[in-house]
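On a predicted model such as this, the values are computed, not experimentally measured, just so you know. Read the numbers this way: they start at 1 and go in the same order the structure lists the ligands and their atoms. What's counted below: heavy atoms across the whole structure, side chains too, no hydrogens, waters or symmetry copies.
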Amino acid sequence: MTHYPSIRKNLARRLPDGLILLSGGNPVPRNHDVDFVFRQKSDFLYLTGVEEPGCYLLIDPKRGREMLFLPRIDNHHRVWLGDVPGPREARSLYGVAEAHYTDELPRLLKAGMGGYRTLYADPEAAKKAGSSRLKVAAGALRDALDELRICKTPGELEHMKRANDISGKAHREVMRRTRPGMYEYQIQSIFEFECMKAGLKHLGYPSIVAAGRNGAVLHYHANSAQLKNGEFLLIDAGAECKGYSADITRTFPANGKFSSRQRDIYSVVLDAQKSCIDRARPGVISADLHVHSMTVIAQGLKELGILKGDVTGLVEGGAVRLFYPHGLTHTLGLDVHDTLGGRRRKLPNPTKVPVRFVARLEPGFVITMEPGVYFIDALLKDPELRRKHKGSVDFAKAESFLSLGGVRIEDDIVVRPHGPPLNLTTVPKEIADVEAACAR
Ligand code: GLY
Ligand code: MN
Ligand code: MN
């Protein structure tokens, strides 16, 4: 609870000239009488830690007031869904000075308008506020929240560390208990059981559990195939702590021992990942790191005879993207693909390759490092790509790796003021350590 008041003060300092009104979320119906599992809006979690639906937050920066609004529930709600905290309980539970029912929001909003011309509100909150003489500024609120959310405070880092520690332990259990013959969803259940057992009830994103060729589907979600002896298992999974997610990927052999082909491809990805982690320091531009990862991977695939020619040409001409068609990194936090920072942080891409996340790294950024190498049927058999890259790719050799699927290794790191980053992820990734973790 402790870090939320200081986060609210930071927001009030950024937007001192208007009232600030945010909505939490409301349950989304799935079908008759059944809702999807409720997930609070990330901005609301960021500012309050409140996980209940139907809430609002009003901040009056000039008068230093903060008001949490909670739904006034009736007995029908109590009978079917149970009780929820009322204002008195909420004050101590959530550490807010003032708490009210949401039906009091219009009155208290009107009372607080004196001296303001602007209402910083998200669209749903603006709708709730109704028409007034205040001018609604949703974009400026979004920008302020994005700017703040990208640098994590020590309180937020504690949640991120716990999400990583527990998810990491679950990944180690997956390595220890996976056997050829298991179905992907059975392996998924090991991960999710371990996270829940340790106290984290929610995942940051649907688990990707991919056997063999399925590892080449970047956001694979069927999780229904059977793992065979000799295949790789790629698992990309992370739990949430107070809404803060871990995002961890490991790739390991189903039978616990790397074959020489698995070892070759895995080593290229591991080298790229370690080299990028070491370089993730303040001032570095994320797009340059991505290009560095492409360079290490292009060099590695060239040494294996899969790519041919000058490494810079393989990167800038796009041949390496046939095998590594996604970003190296994204920010991580309350959203697994977290805020990219406000407008101030957006830079032009200084590289010759397309990259979505272009920011100068700052202390407190939490980002993933997740290079990969994949053998993707759709790309390797695409006639136009084959024509374009025929001088750079040994397609016959590349196709001989199709059954390997893909390798991704993903850790979550915190950029520090000096030196290399803090790696939150402690799951084995060196070949010897992975084999030891899989020992049976
Ligand atoms: N788990 C999704 C990603 O790695 O970005
Ligand atoms: Mn990721
Ligand atoms: Mn991931």
Side-chain angles (χ1 to χ4, degrees), residues 39 42 149-150 152 160-161 163-172 174-175 184 187-188 191-192 194-195 200 202-211 214-223 232-241 243-252 266 269-270 272-274 276-277 280 286-287 289-290 293-294 297 321 323-341 354-359 361 365-374 376 405-415 421 423-429:
R39 169 54 155 72
S42 294
R149 275 178 51 187
I150 200 169
K152 271 62 181 178
M160 298 201 73
K161 185 173 180 318
N164 236 279
D165 285 347
I166 291 175
S167 304
K169 186 159 176 274
H171 271 274
R172 288 193 289 274
V174 165
M175 286 183 182
E184 291 164 342
I187 299 166
Q188 174 185 354
F191 180 84
E192 297 178 9
E194 290 296 329
C195 291
L200 301 187
H202 300 292
L203 302 173
Y205 53 97
S207 305
I208 296 169
V209 184
N214 295 334
V217 180
L218 303 181
H219 280 179
Y220 176 71
H221 57 258
N223 293 4
F232 260 147
L233 191 278
L234 182 155
I235 171 166
D236 181 345
E240 274 185 0
C241 172
Y244 290 88
S245 188
D247 184 7
I248 303 172
T249 308
R250 285 296 182 266
T251 311
F252 61 90
Y266 188 92
V269 179
L270 185 61
Q273 203 234 19
K274 289 197 297 190
C276 289
I277 290 177
S286 53
L289 275 182
H290 184 195
S293 69
M294 291 167 107
I297 286 173
R321 290 181 65 80
F323 303 93
Y324 175 27
H326 63 69
L328 166 73
T329 171
H330 56 82
T331 53
L332 179 70
L334 287 160
D335 297 326
V336 65
H337 289 190
D338 208 39
T339 164
L340 300 179
V355 186
R356 183 170 156 263
F357 173 41
V358 186
L361 301 186
F365 277 27
V366 180
I367 57 175
T368 63
M369 280 288 151
E370 50 176 310
V373 167
Y374 311 85
I376 303 172
V407 173
R408 177 163 68 255
I409 306 171
E410 177 174 29
D411 287 355
D412 305 333
I413 63 165
V414 187
V415 179
N423 193 337
L424 296 176
T425 308
T426 54
V427 186
K429 62 183 177 186

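Residue Asp236 places a heavy atom less than 4.0 Å from ligand 1. Assignment of Arg408 to the shell around ligand 1 is not supported, since no heavy atom sits closer than 4.0 Å.
Ring pair His326/Tyr374 is perpendicular by interplanar angle, where above 60° counts as perpendicular and below 30° as parallel.
If you check the side chains of Glu194 and His171, you find no donor sitting under 3.5 Å from an acceptor.
The atom name of the N/O/S atom in Asp247 closest to the Mn ion (ligand 2) is OD2. Closest N/O/S atom of Glu410 to the Mn ion (ligand 3): OE1.
By the 4.5 Å heavy-atom criterion applied to side chains, Phe323 and Ile297 are not counted as neighbours.
Aromatic pair His290/Tyr324: ring centres closer than 6.0 Å.
Geometry at the Mn ion (ligand 2): NE2/His330 and OE2/Glu370 form an angle of 80°, nearest 10 degrees.
Distances below 4.0 Å separate heavy atoms of Tyr205 from the following atoms of ligand 1: 1 (N). Listed by number with element, the atoms of ligand 1 under 4.0 Å from a non-hydrogen atom of Glu410 are 4 (O).
Shortest contact from atom 5 (O) of ligand 1 to any protein heavy atom: His337 NE2, 2.6 Å.
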